[in-house]
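Order of the sequence lines fixes the chain letters, A, B, ..., with proteins taken first and strands second; residue numbering starts at 1 for each chain. Note: hydrogens, waters and symmetry copies are ignored here, and every other heavy atom, side chains too, is used.
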Amino acid sequence: MKKLINAPDNVVTDALAGLAAAHPSLRVDLENKVIVRGDAPRPGKVGLVSGGGSGHEPLHGGFVGYGMLDAACAGEVFTSPVPDQMLAATQAVNGGAGVLHIVKNYTGDILNFQMAAELADDEDIEVVSVVVNDDVAVQDSLYTAGRRGVGATVFVEKIAGALAEEGAPLADVAAVAREVNERSRSFGVALTSCTIPAVGKPTFELAEAEIELGIGIHGEPGRERTTITSAHDLTGTVLDAIGADMPLSGDLLVMVNGMGGTPLLEQYILFNEVQQYLQAHGARVARNLVGNYITSLDMQGFSVTVTQLTDTLTRLWDAPVDTPGLRWGR
Amino acid sequence: MKKLINAPDNVVTDALAGLAAAHPSLRVDLENKVIVRGDAPRPGKVGLVSGGGSGHEPLHGGFVGYGMLDAACAGEVFTSPVPDQMLAATQAVNGGAGVLHIVKNYTGDILNFQMAAELADDEDIEVVSVVVNDDVAVQDSLYTAGRRGVGATVFVEKIAGALAEEGAPLADVAAVAREVNERSRSFGVALTSCTIPAVGKPTFELAEAEIELGIGIHGEPGRERTTITSAHDLTGTVLDAIGADMPLSGDLLVMVNGMGGTPLLEQYILFNEVQQYLQAHGARVARNLVGNYITSLDMQGFSVTVTQLTDTLTRLWDAPVDTPGLRWGR
Amino acid sequence: MDADVFRAWITAIAALTQEQRDHLTQLDAAIGDADHGTNLARGFAAVLAALEADHPATPGAVLTLTGRTLISKVGGASGPLYGTAFRRAGKSLGDAADVDLAALATALEAALAGVQQLGAAREGDKTMVDVLAPATSAFRKAVAEGRPAPEALAALAEAAQAGAEATVSMQALKGRASYLGPRSVGHEDPGAASSALMLGALRDTVLAGP
Amino acid sequence: MDADVFRAWITAIAALTQEQRDHLTQLDAAIGDADHGTNLARGFAAVLAALEADHPATPGAVLTLTGRTLISKVGGASGPLYGTAFRRAGKSLGDAADVDLAALATALEAALAGVQQLGAAREGDKTMVDVLAPATSAFRKAVAEGRPAPEALAALAEAAQAGAEATVSMQALKGRASYLGPRSVGHEDPGAASSALMLGALRDTVLAGP
Ligand SMILES: Nc1ncnc2c1ncn2[C@@H]1O[C@H](COP(=O)(O)OP(=O)(O)O)[C@@H](O)[C@H]1O
Ligand SMILES: Nc1ncnc2c1ncn2[C@@H]1O[C@H](COP(=O)(O)OP(=O)(O)O)[C@@H](O)[C@H]1O
Ligand SMILES: [Mg+2]
Ligand SMILES: [Mg+2]
Ligand SMILES: [Mg+2]
Ligand SMILES: [Mg+2]
């Protein structure tokens with residue numbers, strides 16, 4: 001394993017120190033591994049807190065700032081943070097209007113955020129949790145852990161953050177977060193495995209020309225292994241899977257996301273195919289993101305996330321945002 | 001080779017089609033492989049044109065837009081564009097105030113831009129060329145091709161673009177571009193080789209734990225091969241090399257750039273080390289960029305670029321910019 | 001069994017999670033995200049430090065501190081689950097200075113209940129529950145039948161081991177492995193494996209005696 | 001030598017660059033950026049298309065069109081350099097319908113001058129000049145001595161081959177390879193190799209006759 005690190009056990013704190021140095025407008029608590037907006041808590045504003053395992057940068061810490069998250073907690077690589085961190089973040093952003101927890105649907109994240117919510121409740125901080133579960137690669141079911149939360153998390157954080165910035169109450173912010181999640185679907189593909197620093201070797205092995213369809217952002221295996229095809233065919237497979245679960249029509253917000261090791265050149269090639277597929281299916285890509293937004297360390301691969309827009313969601317998407325990872329309008 | 005493409009010969013056009021689809025504010029001429037600002041030519045504004053081989057995305061096409069480039073030409077992967085493309089771009093952005101060509105110092109780029117400038121001259125378009133050559137990994141000399149142009153290109157395009165946006169005349173825009181280049185130095189490190197789609201296998205091989213110091217953005221070998229060390233020591237090596245060529249003092253603009261396959265997590269770890277090194281040497285990182293800005297396809301590695309700021313350069317750096325790859329202030 | 005016995009047990013677990021760290025992580029790599037060994041090694045190292053810091057005097061206090069520390073240091077799914085298990089066990093032991101087999105059985109049942117309440121996993125879902133449930137009831141049965149400590153603890157550890165092995169053929173319905181559906185069959189569940197390690201360590205520690 | 005001969009020469013070069021594409025690219029990978037073979041293959045394919053499109057009638061027109069096409073299709077360093085070489089050669093042949101050895105020697109000298117004017121490389125810098133210069137002067141000398149075509153063209157091709165091989169031991173002072181400094185020694189220069197291919201093809205084409 002060749003990595004640009006000091007020691008596997010220090011990657012998260014070292015990276016957070018770098019984030020703090022690069023973005024003085026953020027407050028980074030290295031002890032609790034919590035990234036907070038410089039001006040938090042904002043009295044009367046609903047606080048948005050998310051977090052999860054590290055290794056998905058810029059998610060979540062890179063989305064803290066005006067119009068998006070108020071705080072993020074960073075766990076160890078691919079391991080959800082602990083309740084203490086989440087409580088510290090919740091306290092730091094509580095402006096009296098309550099706090100929204102945006103939780104990706106993984107057992108670890110669910111359980112730890114649940115405990116954190118109880119701790120916050122003990123301190124009379126009103127907390128509502130919204131669970132993101134947009135990954136169609138996983139069959140949903142009442143009896144399983146259900147679908148994984150992936151790309152839609154970026155959209156939920158941006159759109160709910162915009163509404164909170166407008167001063168909306170906690171119930172409305174939670175409602176729009178749920179709405180975005182319900183209107184979003186994602187599917188990921190891996191060309192190579194990621195390598196977790198503490199493990200030192202790839203999580204899985206793929207043969208030359210072999211790819212994993214439905215890969216998870218932690219390198220969890222997906223639907224099946226198959227042989228790589230053209231960007232055109234691969235995009236078709238991905239969008240067929242998404243379309244089988246949600247009608248692809250009307251105005252869409254679409255993200256082509258790089259997993260961390262895939263060049264932007266290839267991501268634009270993929271986006272071209274996605275745009276043509278959706279156009280051919282009578283939908284319109286009204287808004288888009290192309291780049292590395294929710295990654296899996298050094299994995300080569302991509303994911304596509306599609307959200308059915310409404311006029312309100314489009315307006316909130318267009319609203320100004322100023323974070324290390326997403327910025328426009330100011 | 002596993003790549004997310006349709007065919008090696010189509011990567012550049014397919015990616016440009018994707019860029020066009022993702023950014024309707026840009027005009028993309030797929031025939032000439034030229035990306036132009038939607039509102040070009042702007043009467044009375046100096047036009048900024050750059051370009052080079054593809055595979056370095058977001059450079060250059062991703063830096064076309066308000067406050068930065070007016071047009072970029074995309075060559076084949078790692079091959080400079082041809083004079084016809086450069087002429088087409090020059091014509092497209094000529095608003096009567098002349099056109100600046102920003103050229104990275106590679107024989108191919110120099111020769112083709114030189115021919116393009118002659119062709120433009122035939123059409124009475126005033127063209128001034130500025131050559132970027134900031135890579136300290138290469139020994140400079142009158143008798144060689146000289147230093148390579150790398151990371152400083154991003155700074156030159158941003159700062160000269162800001163001055164042009166203010167309506168400054170061609171001579172001043174060229175002067176500030178030269179000033180940024182003269183005040184900038186870069187050094188790159190590769191952990192792995194890139195793989196050129198048309199070639200199908202890595203350009204070079206590095207053993208486990210072996211790295212290339214002074215790598216070029218086309219995978220050109222650099223100063224020497226050595227064994228990977230910690231992010232701390234590696235950053236020391238890189239900044240020692242830069243410091244040996246330019247005093248590291250005062251207010252600095254610093255970029256930690258990912259080569260395309262290196263996770264943001266590691267880039268922030270590197271930036272943390274860079275910041276501490278410079279602070280310890282009595283300099284101040286007044287402005288920074290951390291991310292993939294001038295890449296080498298899927299190469300794992302990084303480069304550091306340092307620019308000595310002046311009040312004017314800082315003001316121009318802070319000025320609003322609105323491009324796919326760099327955006328703030330609007 | 002006094003506080004020293006339980007401290008020795010936790011110390012043994014800490015040593016085992018360090019030693020088996022890569023093995024547990026590899027099990028997790030096959031059907032999860034390759035961090036179970038790292039998580040537990042990190043967590044129990046923190047637990048040892050905590051036990052050092054404020055020397056809890058009773059078995060209950062030892063387990064409660066262990067649980068609280070795991071909850072605030074491990075993260076992931078196993079952090080809250082094991083943390084709750086140890087905390088519930090500790091609470092059920094109250095502040096008794098010495099614990100007999102029956103009390104221990106009750107504590108293990110409380111731990112199992114805590115895990116199931118939090119994680120909603122049932123036997124057969126391919127989780128740590130597939131070790132904790134059979135091991136606990138085998139232990140309770142042996143204790144009810146008045147078997148001596150060695151036999152009862154052997155029953156506990158053997159049922160745990162069998163439970164862990166049984167997860168190989170199961171399809172995961174809970175946790176990260178459930179994303180795999182049928183592809184989760186054929187692999188031992190990492191949490192089941194770590195639970196079997198812990199209960200095996202309990203037997204060895206108690207039998208080793210002071 | 002009429003237009004057909006020169007058309008045949010260019011056609012032979014196009015075939016060779018396709019055939020040697022990977023070899024030339026590998027030479028470039030060692031001391032450059034691994035695209036020389038791709039660049040030339042792409043360029044000469046475009047040249048063939050152009051020659052098809054507007055059938056140039058004279059040797060000069062064939063070479064001039066070849067040069068212009070290379071300049072507008074190849075890019076990189078070799079595009080302008082080879083483009084200029086062929087354009088200068090074409091110009092020097094004027095609109096003669098038939099070309100003799102002396103005129104050809106003059107055309108090659110014009111090509112070399114164009115390359116050096118543009119690229120400022122001197123002999124010994126480890127570039128295509130290290131093939132074009134010795135080959136051109138060997139050819140001129142043979143022609144001046146009144147040697148028959150086969151001998152003069154053999155001298156041209158052999159000097160070219162020797163020149164290419166000589167670049168192995170040189171340290172690059174121009175082009176991408178110069179970034180390597182001493183590390184550029186021990187590798188054949190890709191542009192020198194492609195120049196030797198082109199001049200070898202010239203000999204073979206002319207000797208093959210109509
Ligand atoms: N709902 C649940 N109930 C009981 N045990 C569970 C549940 N979900 C996961 N587990 C256990 O947790 C183990 C995984 O722990 P770990 O890898 O540390 O956490 P994560 O899955 O968050 O990475 C699984 O092997 C399983 O035994
Ligand atoms: N200044 C120069 N003068 C003459 N030939 C040169 C010069 N610079 C480069 N070359 C030739 O060009 C060749 C490289 O061509 P190519 O790989 O197609 O372009 P690039 O270096 O831009 O990728 C070198 O092998 C060398 O022979
Ligand atoms: Mg985990
Ligand atoms: Mg090239
Ligand atoms: Mg795990
Ligand atoms: Mg080359």
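For residues 57-90 of chain C, the interface with chain A (any heavy-atom pair closer than 4.5 Å) comprises I71(C), S72(C), K73(C), V74(C), G75(C), G76(C), A77(C), P80(C), L81(C), T84(C), sorted by residue number.
In this structure, D122(A) places its CG atom where more than 12 heavy-atom neighbours from other residues, nucleotides or ligands lie under 6.0 Å away.
With a threshold of 4.5 angstrom between heavy atoms, N32(A) does not approach chain C through any atom at all. For chain C, the nearby parts of E220(A) are the backbone and the side chain; heavy atoms of each come within less than 4.5 Å. Contacts of F78(A) with chain C are made by both backbone and side-chain atoms, with heavy-atom separations under 4.5 Å. Neither the backbone nor the side chain of A120(C) comes within less than 4.5 Å of any heavy atom in chain A.
Closest approach of A34(C) to T203(A), counting heavy atoms only: CB-CG2, 4.0 Å. Closest approach of V77(A) and D35(C) over heavy atoms only: O-OD2, 4.5 Å. Minimum heavy-atom separation, Q26(C) to K201(A): NE2-NZ, 3.0 Å.
Among N112(A), D135(A), D84(A), the residue with the largest count of heavy-atom pairs under 4.5 Å with chain C is N112(A). Heavy-atom pairs under 4.5 Å with chain C were tallied for T107(A), I110(A), D109(A); the largest tally goes to T107(A). Chosen from P83(A), S80(A), G214(A), the residue pairing most often with chain C at heavy-atom distances under 4.5 Å is S80(A).
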> Hey, mind stepping through Q114(A) and L118(C) against side chain to side chain contact (heavy atoms under 4.5 Å, CB included) and telling me if it holds?
Replying inline: CA-CA 10 Å; Q114(A) 184 178 318; L118(C) 189 61; 3.7 Å; yes
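Of the possible donor and acceptor atoms, none in the side chain of R148(A) sits under 3.5 Å from a partner among the backbone N and O of R176(C).
In this structure, the separation between CG on D28(C) and NE2 on H218(A) is 11.0 Å, given to the nearest 0.5 Å.
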